[in-house]
Amino acid sequence: MAPLPRNILIVGGGVFGLSTALSLSKRHPNSQVTLLEASPTIPNPHGSSVDTSRIIRADYSHPTYAKLATEATDLWRRTEWGHDGRYTQNGLLLVYPDGDSTAKDYTTKSYHNVKELGEDAQFLPTKADVLRAAPAYGETLNVAGGYVNWSSGWADAEAGVRFAKRRIDEEGKVRFVTGQVTRLLFSEKDNKTVTGVTLTDNTTINADLVILATGAWTAALVDLRGRAVSTGQAIAYIRISDEEQCQLENMPTILNFATGIFIIPPRNNVLKIARHAYGYHNPKAVPVPGSSRGETMHVSLPEQGVTIPLEGEAAFRTALTQLLPTFADRPFIDTRVCWYTDTPKGDFIITPHPSYSQLFLATGGSGHAYKFFPIIGDKVVDALEGTLGPELRTLWAWPEAVDENRFEGTEDGSRSGAKGLLLLEELAKTRKSGRESIL
Ligand SMILES: Cc1cc2nc3c(=O)[nH]c(=O)nc-3n(C[C@H](O)[C@H](O)[C@H](O)COP(=O)(O)OP(=O)(O)OC[C@H]3O[C@@H](n4cnc5c(N)ncnc54)[C@H](O)[C@@H]3O)c2cc1C
């Protein structure tokens with residue numbers, strides 16, 4: 001096992017950063033670990049890890065993620081991670097419509113993977129079978145078949161982040177600092193060794209190792225063109241009555257692979273609908289990281305605090321008509337664009353930077369990393385120690401670049417929706433259409 005550098009700086013206080021900090025606290029208590037977060041609070045309300053809910057499932061078409069997810073789910077089920085309402089095991093219903101062979105193929109592989117792992121899953125070859133498994137969804141449900149996995153569940157995402165932060169505070173080994181990194185600092189000797197970071201107020205923090213766990217913002221700090229792209233995903237929330245809460249709270253989460261739309265059962269009279277899709281790009285001109293010649297590049301970066309475009313609202317209205325018609329015209333009390341850090345195949349990036357020493361990346365969540373919160377930090381620390389198994393090391397290595405002009409988002413068979421949507425263009429169309437507010 002390789003010894004770790006003494007002075008470690010983690011940038012980012014979401015799933016990747018917090019889980020790594022927790023693991024370092026336990027396994028390397030003598031390291032000096034600082035966690036730097038731009039948001040004044042952890043949980044960061046604009047971070048990808050913070051929301052009402054996240055699906056916890058082993059339902060993957062890729063057997064390695066399926067297996068890893070069963071390990072993580074086991075911790076959500078059996079340990080403090082899932083206590084106090086942080087984890088609810090309500091089941092997951094994966095459905096596909098007629099004529100969509102990609103969605104059917106993902107669903108079928110995923111079903112076989114979870115069955116092999118011993119999960120409580122049942123294949124539902126017809127629409128009638130789907131409706132029998134989840135009668136809360138209406139007769140208008142437009143599906144050809146699917147399966148339900150009663151071993152899957154969902155987590156209260158914000159509560160999970162709060163829990164991890166509390167655990168780290170209790171360990172007392174990590175220093176938390178608020179500040180936003182503008183760029184990495186390099187050694188003057190070789191311009192290839194990262195020695196720390198510069199913040200917006202021009203102060204610097206030095207470290208022997210910098211771990212970037214900066215999610216969808218990472219593209220502004222290292223050149224990830226063709227390797228990771230930040231995509232904005234639509235979410236909306238609906239207020240429901242006490243009676244409706246009782247009717248819906250125990251239904252399985254539904255995920256329709258044809259549209260990417262999913263609905264997680266409500267809590268506290270709030271129902272969430274979201275879309276797992278190619279999403280919106282938001283290109284911004286930023287300096288090319290590490291370039292001394294003042295070059296700029298265009299990369300997609302998060303836009304904070306915007307409501308969803310009309311395009312997203314219309315998709316939700318259509319899906320509600322098919323899935324829960326009673327709510328099709330119900331006003332949204334809030335909407336949000338939440339950011340994925342998509343890699344070409346949906347594999348995380350947990351690896352040293354190939355060109356800069358003392359720089360490590362822990363990112364590339366690709367819309368599916370939350371469930372791994374209880375274990376991902378251990379995998380990061382395994383990678384730092386050089387003890388990560390060969391399969392995960394290969395899967396999470398620096399990705400091969402794809403053509404950045406045709407890179408819309410992860411292509412793992414689970415994504416749907418239109419490609420090429422630009423967030424600001426869609427918001428401008430929304431304003432032009434005269435929609436004053438959807439709230
Ligand atoms: C809508 C949506 C639904 C999802 N659903 C699921 C699901 O059902 N199941 C599942 O498993 N996963 C799901 N995910 C994916 C999962 O939530 C993410 O993969 C995971 O939370 C990403 O964590 P992160 O640490 O990379 O990012 P974040 O939580 O965004 O953390 C990154 C942090 O870095 C900070 N930061 C960034 N740049 C800087 C800087 N320059 N200086 C200082 N700090 C900085 C940010 O402020 C932020 O707090 C979903 C994601 C979204 C958006």
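Because the structure is predicted, anything quoted here is derived from the model rather than measured. Remember, it's 1-based here, ligands and their atoms both numbered in the order they're listed.
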(request) Would you name the heavy atoms of P287 and M297 that are closest together and state the gap between them? (result) O-CE, 4.1 Å
(request) Answer yes or no for R57 and Y60: cation-pi contact, defined as NZ/CZ to six-membered ring centre under 6.0 Å and angle to ring axis within 45°. (result) yes
(request) Hey, can you tell me if W81 and F163 have their rings parallel, tilted or perpendicular (30° and 60° cut-offs)? (result) perpendicular
(request) Anything under 30° is parallel, anything over 60° is perpendicular, the rest tilted; go ahead and classify H276 against F262. (result) perpendicular
(request) Mind jotting down which protein residues get a heavy-atom contact under 4.0 Å with ligand 1? Chain and number order, please. (result) V11, G12, G13, G14, V15, F16, E37, A38, N44, G47, S48, S49, R54, I55, G179, Q180, V181, A213, T214, G215, W217, L221, I235, C338, W339, Y340, G365, G367, H368, A369, Y370, K371
(request) Starting from the C-alpha separation in whole Å, work towards a yes-or-no answer on side chain to side chain contact (heavy atoms under 4.5 Å, CB included) for V222 and L359. (result) CA-CA 10 Å; V222 286; L359 178 64; 3.8 Å; yes
(message) In terms of relative ring orientation, are F372 and H368 parallel, tilted or perpendicular, with 30° and 60° separating the classes?
(response) perpendicular
